[in-house]
> 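Before anything else, here's the structure in question.
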Amino acid sequence: MIKVYNTLTRKKEELNTLEPHKVKMYVCGPTTYNYIHLGNARPLVVFDIIRRYLQYRGYEVTYVQNFTDVDDKIINRALEKGIPASELACKYVEEYFRDADALGVKRAEFYPRVSEHMPDIIQVIQGLIDKGYAYQVEGDVYYRVNAFNGYGKLSGRSLEEMLAGARVEVDERKEHPMDFALWKKAKPGEPYWDSPWGPGRPGWHIECSVMSMKYLGDTLDIHGGGADLIFPHHENEIAQSEAYTGKPFARYWLHNGFITVNREKMSKSLGNFFILRDILDKYPADTVRFYLAATHYRSPLDFDNTKLEEAGRALGRLKNTLRRMDELLPEQVEPGVLDEAGQAFLDVLDRLRQEFTAAMDDDFNTARAMGCLFDMAREINSYLDSRAGGLNPPARVAINRARQVFTDLGERIMGILKLRTETGAGLVDEMLGILVELRGTARQNRDYTTADRIRDFLVASGVNVEDTSRGTRVTYEQVPEVARVIDFLLGWREEARQARDFTTADAIRDKLVAAGVTVKDTREGVRWSIDSAGKLS
RNA sequence: GGGCGAGUGGCGAAGAGGCUAACGCUGCGGUCUGCAAAACCGCCAUUCACCGGUUCGAGUCCGGUCUCGCCCUCCA
């Protein structure tokens with residue numbers, strides 16, 4: 001039984017979907033006038049995990065996320081840049097996808113855009129006018145909040161309360177100060193669409209009402225977004241949709257908490273925001289995803305770089321466990337039977353799997369669920385340590401199943417365990433391989449000075465070195481510079497030559513050549529070049 | 001002013017009436033290792049902002065105080 005915290009009722013409620021085993025989900029997407037910032041990225045990851053989890057629990061999820069690509073901010077920005085608003089909006093939709101893809105956010109079923117739904121929007125506005133929920137004034141159309149008696153139910157305040165501390169400038173033409181625009185008359189030079197009320201564009205809230213109902217029906221199961229959308233955006237969506245259809249709009253309203261910086265909300269107006277693209281330049285995307293998922297979605301999340309460093313180390317622990325299993329597991333695990341120890345091991349994992357599920361069932365408690373993954377990692381590592389000599393067939397069967405469970409939860413649901421496939425690192429890996437070989441020889445000869453010099457270089461280059469029972473493993477978060485590694489190798493060769501150790505010197509050169517690096521000893525010193533660009537790709 | 005929410009170890013973060021206050025990071029000790037790294041084992045909150053109350057029993061419920069954040073205006 002899945003429970004979700006519903007902003008509408010301020011309680012955790014059992015998730016009962018409209019149709020059994022189906023979830024209709026709508027999440028408010030960005031207004032596309034800039035790159036998204038980290039605060040925008042939180043709901044992407046949060047609702048992506050919620051969606052993945054619901055699927056894991058057997059729901060068929062229809063996920064819709066809109067793009068608000070018609071908006072004052074877009075128009076203003078486009079004006080500044082001297083390009084059409086539509087072009088600007090389009091560009092940032094594309095940029096959005098680059099960011100979302102990097103974070104491992106699965107594609108939605110539908111990505112409706114305002115610009116492509118004008119007839120639908122106009123039809124709903126007309127319907128609201130016909131029913132007496134809206135009125136037009138000089139080419140503008142306003143929603144009549146007094147006509148909808150549930151107004152304020154989501155944000156938990158009455159119209160009177162809103163007026164009490166209101167900071168709204170009163171537009172004399174409006175019947176009620178809280179009435180909001182459904183259609184805005186175009187000013188000269190602004191993009192516009194024709195309508196029964198004259199040329200103009202939709203107000204901010206109407207598009208979500210229209211597009212969600214178009215793709216998901218009059219009533220949706222889950223409507224999500226950031227907590228700052230509760231009022232006025234979602235409140236107004238409810239007013240529009242329910243007035244239009246006479247039916248409940250969304251059964252469950254889920255809202256994620258903010259990202260803060262120095263405990264202040266990260267926001268565009270405060271200027272304390274971090275563009276996601278910049279963060280992704282410095283930190284791996286899975287680290288960022290882990291950071292966003294390691295705290296419960298409704299809690300505030302304070303940001304600074306040290307939090308990402310910590311997230312990277314924590315996630316590294318989980319990934320290390322996966323890597324250890326992969327190193328010991330052959331491509332194909334032959335079917336076999338478990339032994340007693342293996343069964344006991346799997347029983348423990350299964351208990352943890354159940355704890356994980358219970359945590360996620362309880363309003364998607366990813367923080368607690370992550371705790372279960374760390375418990376699992378420890379169990380798996382322990383089991384692996386106890387079989388350091390190598391895996392016998394029953395142990396292989398056990399580890400194979402353990403891997404399945406671990407990745408099911410960690411990758412399929414959380415989306416944080418995909419080990420980056422090092423692309424473009426082919427040559428670097430070959431160079432590192434040569435160094436590992438050289439160091440291995442030195443260690444065999446108990447020449448630890450040499451061995452440590454190589455390791456020191458590797459570590460200084462950002463490469464981790466671990467000597468395991470099965471050999472030396474080198475890993476890195478960021479691909480080290482090829483040139484740096486080659487220079488080091490050639491420096492090493494030069495030393496060997498000076499010491500008249502031509503065996504070593506020639507071996508290094510031969511290996512470089514074999515890897516596609518040409519080495520020339522010129523009068524000015526050593527020159528090298530990479531044979532074919534193909535090697536780098 | 002009105003509405004909402006939060007205050008848990010050095011840090012981050014779960015727990016929402018009752019087994020030893022998860023988990024991660026950091027630090028310390030140990031095992032393993034040529035030394036490391038990784039991994040494993042152990043240690044690090046008699047106490048959950050403060051004061052009262054309810055209860056056999058309260059981080060967990062109630063009342064009050066303090067501090068902080070958010071919304072009421074574009075914002076995920």
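Note on naming: letters A, B, ... go to the chains in the order of the sequence lines (proteins, then strands), and numbering restarts at 1 for each one.
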> Using a 4.0 Å cut-off on heavy atoms, which residues in residues 440-450 of chain A reach RNA chain B? List them by number, or say none.
A:Arg443, A:Tyr448

> Base, sugar-phosphate, or nothing for A:Arg157, non-hydrogen atoms under 4.0 angstrom?
base

> What distance, rounded to whole Å, do you find between the two P atoms, one in B:rU46 and one in B:rC61?
22 Å

> Hey, what are the protein-to-nucleotides 12-14 of chain B N/O distances that come in under 3.5 Å?
residue	atom	partner	partner atom	Å
B:rA14	OP1	A:His296	N	3.0
B:rA14	OP1	A:Ser299	OG	3.2
B:rA14	O3'	A:Asn365	ND2	2.9

> Excluding sequence neighbours, so at least two apart, what forms ring pair (Phe, Tyr, Trp, His ring centres under 6.0 Å) with A:Phe180?
A:Tyr143, A:His205

> Contact class for A:Arg439 (heavy atom, under 4.0 Å): base, sugar-phosphate, or nothing?
base

> Choosing from B:rA38, B:rC72, B:rA76, which nucleotide comes nearest the side chain of A:Phe231?
B:rC72

> What pairs of residues pass the ring pair (Phe, Tyr, Trp, His ring centres under 6.0 Å) test when at least one of them lies in residues 23-47 of chain A, not counting sequence neighbours?
A:Tyr26-A:His223, A:Tyr35-A:Tyr92, A:His37-A:Phe273

> Which value, in whole Å, describes the distance between the C1' atoms of nucleotides B:rC44 and B:rG10?
10 Å

> Find the distance A:Asn464:CG to B:rC35:P and express it as a whole number of Å.
20 Å

> A:Ile259 has an atom CD1; how far is it from atom C1' of B:rC70, in whole Å?
15 Å

> List for me each residue that meets side-chain hydrogen bond (donor to acceptor under 3.5 Å, both in side chains) alongside A:Arg443, sequence neighbours excluded, and say none if there are none.
A:Asp467

> Do A:Thr450 and A:Arg439 have a side chain donor and acceptor closer than 3.5 Å?
no

> Are A:Asp456 and A:Arg453 within salt-bridge range, i.e. N to O under 4.0 Å?
no

> How would you list all residue pairs meeting ring pair (Phe, Tyr, Trp, His ring centres under 6.0 Å) that involve residues 431-460 of chain A, not counting sequence neighbours?
A:Phe457-A:Phe488

> Heavy-atom nearest nucleotide on RNA chain B for A:Tyr5 versus A:Gly29: which residue maps closer to 5'?
A:Tyr5

> Does A:Glu466 come within less than 4.0 Å of A:Arg324, counting only side-chain N to carboxylate O?
no

> Would you kindly give the CG-to-P distance between A:Leu373 and B:rA22, to the nearest whole Å?
18 Å

> Does A:Arg313 place a side-chain N or O at less than 4.0 Å from the phosphate oxygens OP1/OP2 of B:rG24?
no

> Classify the side-chain pair A:Tyr151/A:Asn236 by whether it contains a donor and acceptor separated by less than 3.5 Å.
yes

> Send over the distance from A:Glu235 CD to B:rC70 P, rounded to a whole Å.
21 Å

> Under 4.0 Å between any heavy atoms, over every strand shown, what does A:Gly156 touch: base, sugar-phosphate, or nothing? Just pick one.
sugar-phosphate

> I need the CZ-P distance between A:Arg298 and B:rA16, as an integer number of Å.
12 Å

> Please measure how far the C1' atom in B:rA21 lies from the corresponding atom in B:rG59, and state the result in whole Å.
8 Å

> Who pairs with A:Arg107 by side-chain hydrogen bond (donor to acceptor under 3.5 Å, both in side chains), at least two apart in sequence or on another chain?
A:Asp101

> Check every atom of B:rA38, B:rA76, B:rG34 against the side chain of A:Asp467 and return the nucleotide holding the closest atom.
B:rG34

> Can you check the distance between B:rA16 and B:rU26, where both ends of the measurement are the P atom (answer in whole Å)?
28 Å

> Can you tell me how far C1' in B:rU47 sits from the matching atom in B:rG15, rounded to whole Å?
14 Å

> Between A:His255 and A:His234, how do the two ring planes meet: parallel, tilted or perpendicular, split at 30° and 60°?
tilted

> Given that both pair distances must be under 3.5 Å and the pair must be Watson-Crick or G-U, what runs of three or more consecutive pairs involve RNA chain B?
B:1-7 with B:66-72, B:10-12 with B:23-25, B:27-31 with B:39-43, B:49-53 with B:61-65

> Grab the CD-P distance between A:Glu207 and B:rC74 for me, whole Å please.
13 Å

> Using the salt bridge (Lys or Arg N to Asp or Glu O under 4.0 Å) rule, collect all pairs that involve residues 356-376 of chain A, keeping only residues at least two apart or in two chains.
A:Lys12-A:Asp362, A:Arg57-A:Asp361, A:Arg298-A:Asp363, A:Asp362-A:Arg368, A:Asp375-A:Arg378

> So what does A:Phe258 touch, heavy atoms closer than 4.0 Å: a base, only the sugar-phosphate, or nothing?
base

> Can you tell me how far C1' of B:rC11 sits from OH of A:Tyr291, to the nearest Å?
14 Å

> Collect all protein-nucleotide pairs involving nucleotides 39-44 of chain B in which both atoms are nitrogen or oxygen and the distance is under 3.5 Å.
residue	atom	partner	partner atom	Å
B:rA39	O3'	A:Asn381	ND2	3.1
B:rA39	O2'	A:Arg324	NH1	3.2
B:rA39	O2'	A:Asp385	OD1	3.3
B:rA39	O2'	A:Asp385	OD2	2.5
B:rC40	OP1	A:Arg317	NH2	3.4
B:rC40	OP1	A:Asn381	ND2	3.3
B:rC40	OP2	A:Arg317	NH2	3.4
B:rC40	O4'	A:Asp385	OD2	3.1
B:rC40	O3'	A:Ser382	OG	3.3

> Suppose you measure atom P in B:rC28 against the same atom in B:rC70; what distance do you get, rounded to whole Å?
37 Å

> Please round to the nearest 0.5 Å and tell me the distance separating atom CG of A:Leu384 and atom CD of A:Glu327.
9.5 Å

> Considering only atom P, compute the distance from B:rC43 to B:rU20 and round it to an integer number of Å.
15 Å

> When you measure only distances, ignoring hydrogens and angles, does the side chain of A:Lys265 come within 3.5 Å of the base of B:rC75 through a donor and an acceptor?
yes

> Quick one about A:Thr32 and A:Asp69 (side-chain donor to acceptor, distance below 3.5 Å, no hydrogens or angles considered), yes or no?
no

> For B:rG63, does the O4'-C1'-N9-C4 or O4'-C1'-N1-C2 angle fall within 90° of 0, making it syn, or is it anti?
anti

> Under 4.0 Å between any heavy atoms, over every strand shown, what does A:Ile36 touch: base, sugar-phosphate, or nothing? Just pick one.
nothing

> Who are the ring pair (Phe, Tyr, Trp, His ring centres under 6.0 Å) partners of A:Tyr215, not counting sequence neighbours?
A:Phe110, A:His117

> List in chain and number order the residues that pass side chain to side chain contact (heavy atoms under 4.5 Å, CB included) with A:Arg157, two or more places apart in sequence or in another chain; answer none if no residue qualifies.
A:Ser155, A:Glu161, A:Met162, A:Phe231

> Take atom NE2 of A:His233 and atom P of B:rA76, then tell me their distance rounded to the nearest Å.
10 Å

> Report which part of the nucleic acid A:Ile230 touches: base, sugar-phosphate, or nothing (heavy-atom distance under 4.0 Å, all strands).
nothing

> In whole Å, what separates the C1' atom of B:rG63 from that of B:rG24?
37 Å

> Counting only heavy atoms not in A:Tyr111, do more than 12 sit closer than 6.0 Å to its OH atom?
yes

